[in-house]
Engineer: 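Quick one: the structure is below, questions incoming.
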Amino acid sequence: GLQGGARAAKPQKELSPEEQQELRRKINSRERKRMQDLNVAMDALREVMVPYESHAPGAPPGRRLSKISTLVLARNYILLLGSSLQEMRRLLGEVSIGMGVNAGPVPRLLFAGGWPLIAGPGQLLLT
DNA sequence: TAGGCCATCTGGTCCT
DNA sequence: AGGACCAGATGGCCTA
């Protein structure tokens, strides 16, 4: 019988060592391409995070963000945007109650200029 | 030199 | 069947 189960599908035809080598080369090449595409996406995200560069945990000024820092910081920033939106809606609600929907100045949203530092040095927490 | 970060290879599993 | 996705292993490079 088939010891260990018949799950592993064996190739229709046995491959010669040369063919095996060629197959490996193709698989490796695809994997490299996949990881390179991932890195292109990571760079695009990094580009949007440049204001963080000098604040990256453990990163001296001018140092590019590591992958992990890029992801953690991006997540934190998204979270911050979410709460900012929530706060903005709350303020807008106050204005419309006090002055009517179409009247009055729109409350100024105060952004501190640049990106808030969410994760300080040594803080790489996913919470 | 130890630790962090990274690219690559590899074998396994999942999906089309 | 073949490609995509994933995680473990390994070795190189760099910095404190």
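Because only heavy atoms are used, hydrogens play no part in the values below, and waters and symmetry mates are left out as well, while side chains stay in.
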Engineer: For residues L71(A) and R75(A), determine if any side-chain heavy atom of one lies less than 4.5 Å from a side-chain heavy atom of the other.
Structural biologist: no
Engineer: Find the distance R64(A):CZ to dT15(C):P and express it as a whole number of Å.
Structural biologist: 12 Å
Engineer: Strictly below 4.0 Å: does R32(A) bring a side-chain N or O up to OP1 or OP2 of dT8(B)?
Structural biologist: no
Engineer: Using salt bridge (Lys or Arg N to Asp or Glu O under 4.0 Å) as the criterion, list what pairs up with R34(A), not counting sequence neighbours.
Structural biologist: E31(A)
Engineer: Between dC6(B) atom C1' and L38(A) atom CG, what is the distance in whole Å?
Structural biologist: 12 Å
Engineer: Check the distance between dT10(B)'s C1' and K26(A)'s NZ and give it to me in whole angstrom.
Structural biologist: 17 Å
Engineer: Where the side chain of S66(A) is concerned, which of dA7(B), dC6(B), dT10(B) is the nearest nucleotide?
Structural biologist: dC6(B)
Engineer: Would one find a side-chain N or O of K67(A) under 4.0 angstrom from OP1 or OP2 of dA7(B)?
Structural biologist: yes
Engineer: With the side chain of N28(A) defined as its heavy atoms from C-beta on, choose the nearest nucleotide among dC5(B), dA7(B), dC9(B).
Structural biologist: dC9(B)
Engineer: Going by salt bridge (Lys or Arg N to Asp or Glu O under 4.0 Å), name the residues that satisfy it together with K26(A), two or more places apart in sequence or in a different chain.
Structural biologist: none
Engineer: Calculate the interatomic distance between L65(A) atom CG and dC6(B) atom C1'; express it in whole Å.
Structural biologist: 15 Å
Engineer: Linking Ile, Leu, Val, Met, Phe, Trp and Tyr by side-chain heavy atoms under 4.5 Å, what else ends up with M35(A)?
Structural biologist: L38(A)
Engineer: Rounded to the Å, how far apart are I68(A) CD1 and dG4(B) P?
Structural biologist: 13 Å
Engineer: Do nucleotides 5-11 of chain C as a string where each nucleotide becomes B, S or -: B if the base has a protein heavy atom under 4.0 Å, S if just the sugar-phosphate does, - if no protein is that close.
Structural biologist: BBB----
Engineer: Is it the case that more than 12 heavy atoms not belonging to Q21(A) sit under 6.0 Å from its CD atom?
Structural biologist: no
Engineer: If the condition is side-chain contact (heavy atoms from CB on, under 4.5 Å), which residues does D43(A) pass it with, not counting sequence neighbours?
Structural biologist: R46(A)
Engineer: Tell me: CD of Q20(A) to C1' of dG2(C), nearest whole Å?
Structural biologist: 17 Å
Engineer: Taking CG from L71(A) and P from dC6(B), how many angstroms apart are they, rounded to a whole number?
Structural biologist: 10 Å
Engineer: If the condition is salt bridge (Lys or Arg N to Asp or Glu O under 4.0 Å), which residues does R89(A) pass it with, not counting sequence neighbours?
Structural biologist: none
Engineer: Measuring to OP1 and OP2 of dA4(C), would you say a side-chain N or O of R30(A) lies under 4.0 angstrom away?
Structural biologist: yes
Engineer: For R63(A) and dA16(C), give me the distance from atom CZ to atom C1', rounded to whole Å.
Structural biologist: 12 Å
